[in-house]
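Note that this is a predicted model, so its numbers are computed, not measured. When a ligand or atom number is given, it counts from 1 through the structure's own listing order.
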Amino acid sequence: MNTSIFLDYASTTPVDPAVAKAMMGCLTLDGNFANPASRTHGPGWLAEEAVDIARHQVADLVNADAREIIFTSGATESNNLAIKGALTANSDKGRHIVTLATEHKAVLDVFTAMESQGYEVTQLNTQANGRVDIEQLRSAIREDTALVSVMYVNNETGVIQDIAEIGNLCRQREVIFHTDAAQATGKIAIDLQTLPVDLMSFSAHKTYGPKGIGALFIRRRPRVLVDAQMHGGAHERGFRSGTLPTHQIVGMGKAFELAGEHLAKASEAIANHRNTLWQGIQDLPDIQLNSDSEYSVPHIMNISLGTLDSQRFLPALAPLALSSGSACTSATMTPSHVLTAMGINHDYAHSAIRISFGRFTKASDITTAIEKIREVTLAFTQADLQRQ
Ligand SMILES: *Cc1c(COP(=O)(O)O)cnc(C)c1O
């Protein structure tokens with residue numbers, strides 16, 4: 001039995017029981033297990049129908065056409081397909097590409113890969129509130145800029161970028177615009193009928209669906225050209241070959257349907273959790289909120305605790321399961337690239353922790369979190385004082 005208090009929903013979410021149930025119906029002989037590409041028999045048609053329903057469920061959450069949704073293995077693959085595929089398919093547009101230093105590695109590492117293939121990369125830092133300065137972005141776009149990629153909701157801070165404004169700028173300059181929305185679905189309403197976005201990446205497992213499945217929105221009007229990265233059978237309109245995993249797709253569809261139903265109500269409960277937690281700890285010594293309160297989702301809260309080292313005190317916070325704001329990418333501890341790009345100083349970046357809430361967070365979890373964070377922070381501060 002898992003006795004942790006899970007406050008790390010930004011890393012992944014548990015699968016909703018209704019999603020697990022739908023998935024289990026697509027595995028065994030008595031279920032919907034057939035290959036959705038089998039056109040010669042009833043079981044195949046049934047599987048194809050289940051995939052079609054799921055595609056509509058995903059499209060409906062973001063107000064897209066189901067024909068614009070391509071299933072992939074997750075947001076990492078969607079980002080790769082979007083960025084690499086759009087660049088090679090639009091090679092006449094130029095070889096300059098723009099992103100933010102606060103992006104997820106699943107975008108930054110793709111940009112690095114493109115750089116090694118001769119593309120020129122501009123990586124912008126953000127303002128102190130975590131948002132890109134639109135004027136800075138405007139001046140970064142050149143005649144030969146082919147693509148801009150800016151994430152919707154940041155996974156470390158919860159900061160929301162102004163996707164409509166960035167998209168309009170890209171439209172004016174005829175630049176392809178991709179956004180990684182892995183942390184946006186289920187947290188904010190998304191309307192692709194009005195948002196000027198060409199390509200949008202999704203992941204199921206940040207939204208109470210299973211790991212290993214995601215999708216890419218590829219706009220049909222105006223049509224965005226994308227080259228496939230995976231060949232073999234021309235599934236998914238040729239954009240992504242491979243036998244469709246019916247159970248994963250059905251799980252993602254159900255999860256996105258639930259996300260739409262929960263959106264307003266869950267967000268209110270989560271905002272309450274966040275406010276209660278902050279009120280309970282905001283008087284701690286040298287505490288700082290790194291998530292801008294005006295421009296972030298309440299689901300993700302990033303705080304720094306002065307000169308304390310989060311790597312040292314996080315283990316002491318058990319049974320709270322939460323994440324450090326620092327990505328330990330190697331033996332040498334580097335503080336979070338996101339916080340650094342926001343201009344947060346070294347000590348505060350090192351003491352950062354990310355607390356993220358979700359559908360199953362209870363008021364009692366927050367009470368325990370407040371007690372535990374207070375107790376451990378005060379004990380560590382005391383110990384540091386004595387050492388001085
Ligand atoms: C989790 C996450 C990803 C990676 O998604 P996978 O489906 O695990 O590949 C990409 N971008 C952001 C912003 C994320 O939070």
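For the pair R312 and F380, the cation-pi test (distance below 6.0 Å, angle within 45°) is failed.
Distance alone, capped at 3.5 Å, places no donor-acceptor pair between the T157 side chain and the N154 backbone. Checking side-chain atoms of T179 against main-chain N and O of Y152 turns up a donor-acceptor pair under 3.5 Å.
When hydrogens are left out, the protein atom nearest atom 5 (O) of ligand 1 is A75 CB, 3.3 Å; that is the closest non-hydrogen contact. Of the protein's non-hydrogen atoms, S203 OG, 2.7 Å is the one closest to atom 7 (O) of ligand 1. Closest to atom 2 (C) of ligand 1, if we only count protein heavy atoms, is K206 NZ, 2.4 Å. For atom 4 (C) of ligand 1, the closest non-hydrogen atom on the protein side is T76 OG1, 3.5 Å. Looking from atom 10 (C) of ligand 1 to the surrounding protein, the closest heavy atom is D180 OD2, 3.4 Å.
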*Assess whether side chain to side chain contact (heavy atoms under 4.5 Å, CB included) is satisfied between H337 and L108, documenting all intermediate values.*
CA-CA 11 Å; H337 70 278; L108 292 179; 3.7 Å; yes
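Annotation: Q282, atom CD; neighbour count of heavy atoms from other residues, nucleotides and ligands within 6.0 Å is above 12.
The distance from atom OH of Y348 to atom CG of L305, rounded to the nearest 0.5 Å, is 9.0 Å.
Ligand 1 places these atoms under 4.0 Å from at least one heavy atom of G74: 7 (O), 9 (O). Those atoms of ligand 1 that come under 4.0 Å of a heavy atom in M151, given as number and element, are 13 (C).
When H205, E103, Q183 are ranked by how near their heavy atoms come to atom 8 (O) of ligand 1, first place goes to H205.
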